[in-house]
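Take this structure, written in structure tokens, and hold onto it; I'll ask about it next.
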Amino acid sequence: MKNVSTKETAEAVLRELPSVLGACVREDINGHPREVHLLVGPGPNVRNLARDVRALLEERLGVPVDQRVISIAQLSGKAAEAALADFGQFSGVVEAPPVPAPVADERDGKFRVLFGGTETQVQGSRAIIRVRLTWGTHEFTGEAVEIDHGHGRVRAGATAALRAATIACNSSIRLELETASVVRALDREYVLVNPLAGAPMLGRRP
């Protein structure tokens, strides 16, 4: 079978959809989509959109697409857009702005986990990233180290955030990074993260 790259065509097709703000496609060894990451605006039903995306890609590319490789992150307004962190833009050690006061969830009055800040430190060819999360009056810190090249800081930032979240859950659930992709939309770069969760209540498989 001849290898034919579908990345550029697939991303161009996906960006034509009115609800899609950004798209990133990764290929397998045959040039077919093995990962499809989308950033979409509020409105569409994500499950229905995933089915439409699969059908559209199969029609335009002429190759089968597994719906399970399609991941969609949906913005729910200005608050969600402002909460997205832009990792990898710093050099040296940078402290994030002060942690805001805890915010209660409108639905049940309980405190929500908030992004507290990030710190990046470069040592030789390594980037050390620490991420702080707050829950009520408690603060939790996760740390990760990656090679300071390509998307290394993106992976480190995502891993550090997941480790902080694991600590916040008293390790009752373990969160690990599977993939992290950078998607450009609205003249900004966003990071889409696909985590794996493991816990006794979920069985043996993450």
Side-chain angles (χ1 to χ4, degrees), residues 3 5 7-8 10-11 21-31 33-39 69 71-73 75 80-100 102 112-135 137-199 205-206:
N3 293 357
S5 176
K7 174 180 173 61
E8 293 184 0
E11 290 180 349
L21 303 177
C24 177
V25 176
R26 292 184 177 179
E27 302 170 316
D28 60 19
I29 58 175
N30 296 315
R34 65 177 176 87
E35 292 182 22
V36 178
H37 301 281
L38 298 176
L39 182 69
V69 307
S71 64
I72 300 176
L75 296 179
E81 188 172 352
L84 292 171
D86 183 12
F87 295 115
Q89 63 176 331
F90 304 117
S91 176
V93 178
V94 179
E95 283 289 345
V99 178
R112 301 169 62 182
V113 176
L114 299 177
F115 174 71
T118 182
E119 176 186 313
T120 303
Q121 181 178 359
V122 178
Q123 292 183 355
S125 61
R126 301 280 179 174
I128 305 171
I129 296 186
R130 301 177 184 88
V131 172
R132 298 193 308 276
L133 301 180
T134 62
W135 189 354
T137 58
H138 302 285
E139 183 175 279
F140 308 92
T141 301
E143 180 179 305
V145 181
E146 286 277 355
I147 295 177
D148 189 24
H149 179 73
H151 289 168
R153 294 195 189 189
V154 171
R155 293 191 299 271
T159 299
L162 293 174
R163 287 176 178 171
T166 296
I167 297 172
C169 294
N170 292 322
S171 298
S172 60
I173 185 169
R174 183 179 181 84
L175 300 172
E176 297 183 358
L177 178 66
E178 183 178 29
T179 58
S181 298
V182 177
V183 175
R184 187 165 185 81
L186 304 177
D187 295 325
R188 293 182 60 187
E189 288 188 340
Y190 298 88
V191 177
L192 300 185
V193 175
N194 186 32
L196 292 176
R205 298 178 60 85

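Counting begins at 1 with the first residue of the sequence. Small disclaimer: the values here were computed from a predicted structure and weren't measured.
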request  = Report the distance from atom CD1 of Ile167 to atom OG1 of Thr141, rounding to the nearest 0.5 Å.
outcome  =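 Output value for this atom pair is 7.5 Å.
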
ask   = When rounded to the nearest 0.5 angstrom, what distance separates SG in Cys24 from CG in Leu39?
value =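 The CG atom of Leu39 is 11.5 Å from SG of Cys24, to the nearest 0.5 Å.
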
query = Which residues satisfy the salt bridge (Lys or Arg N to Asp or Glu O under 4.0 Å) test with Glu11, sequence neighbours excluded?
reply =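 Testing Glu11 for salt bridge (Lys or Arg N to Asp or Glu O under 4.0 Å), a comparison that skips the adjacent residues, returns Lys7, Arg15.
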
ask   = Between atom CG of Leu114 and atom OG1 of Thr134, what is the distance when rounded to the nearest 0.5 Å?
value =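 Spacing of CG (Leu114) from OG1 (Thr134) equals 4.5 Å.
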
message = With rounding to the nearest 0.5 angstrom, report the CD1 to CZ distance, Ile129 to Arg155.
response =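 Ile129 CD1 to Arg155 CZ: 10.5 Å, rounded to 0.5 Å.
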
message = Strictly distance-based, threshold 3.5 Å: is any side-chain N or O of Thr166 a donor or acceptor partner for the main-chain N or O of Leu175?
response =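 Yes, the answer is positive, given that a donor and an acceptor are paired below the 3.5 Å cut-off.
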
key: Nearest-0.5 Å distance, CD1 of residue Ile128 to CD of residue Gln123   =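 Rounded to the nearest 0.5 Å, the CD1-CD separation comes out at 3.5 Å.
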
ask   = What heavy-atom pair brings Ala10 and Val25 nearest, and what distance separates the two atoms?
value =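 Reported closest heavy-atom pair: CB-CG2, 4.0 Å.
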
request  = Considering non-hydrogen atoms only, spot the tightest contact between Gly124 and Val122 and give its length.
outcome  =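 Closest heavy-atom pair between Gly124 and Val122: O-CG1, 3.7 Å.
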
request  = Could you list the residues that satisfy side-chain contact (heavy atoms from CB on, under 4.5 Å) with Ala144, not counting sequence neighbours?
outcome  =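 Residues passing side-chain contact (heavy atoms from CB on, under 4.5 Å) with Ala144: Ala156, Thr159, Ala160, Arg163.
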
task = Could I get the full list of salt bridge (Lys or Arg N to Asp or Glu O under 4.0 Å) partners for Glu176, not counting sequence neighbours?
result =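 With neighbours one apart ignored, the set is Arg174.
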
task = Considering non-hydrogen atoms only, spot the tightest contact between Phe115 and Leu133 and give its length.
result =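 Shortest heavy-atom contact: CA-CD2, 4.0 Å.
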
message = Looking at every heavy atom in both Val183 and Ala23, which two are closest together, and how far apart are they?
response =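 Taking every non-hydrogen atom into account, CG1-N, 3.3 Å.
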
message = Checking Ala127 now: which residues fulfil side-chain contact (heavy atoms from CB on, under 4.5 Å) with it, not counting sequence neighbours?
response =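 Result, side-chain contact (heavy atoms from CB on, under 4.5 Å) vs Ala127: Asp148, Arg153.
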
inquiry  = With heavy-atom distances below 4.5 Å as the criterion, would you say the side chains of Ile147 and Arg126 are in contact?
reply    =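 A side-chain contact exists here, since the closest heavy-atom pair is under 4.5 Å.
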
task = List for me each residue that meets salt bridge (Lys or Arg N to Asp or Glu O under 4.0 Å) alongside Arg26, sequence neighbours excluded, and say none if there are none.
result =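 With neighbours one apart ignored, the set is Glu35.
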
ask   = Excluding sequence neighbours, so at least two apart, what forms side chain to side chain donor-acceptor pair (under 3.5 Å) with Asp28?
value =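 Counting only residues at least two positions away or on another chain, Asp28 forms no side chain to side chain donor-acceptor pair (under 3.5 Å).
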
request  = Evaluate whether atom CG of Leu196 has more than 12 neighbouring non-hydrogen atoms of other residues, nucleotides or ligands under 6.0 angstrom away.
outcome  =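 Atom CG in Leu196 is packed in, count exceeds 12.
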
request  = Might you point out which heavy atoms bring Leu177 and Ala180 nearest each other, and give the distance in Å?
outcome  =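 Heavy-atom minimum between the residues: CD1-CB, 4.2 Å.
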
query = salt bridge (Lys or Arg N to Asp or Glu O under 4.0 Å) with Arg130: which residues, sequence neighbours excluded?
reply =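 Residues passing salt bridge (Lys or Arg N to Asp or Glu O under 4.0 Å) with Arg130: Glu119, Glu143.
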
ask   = Do you know the tightest heavy-atom contact between Ala168 and Phe140?
value =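 Heavy atoms only, the tightest pair is CB-CD1, 3.6 Å.
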
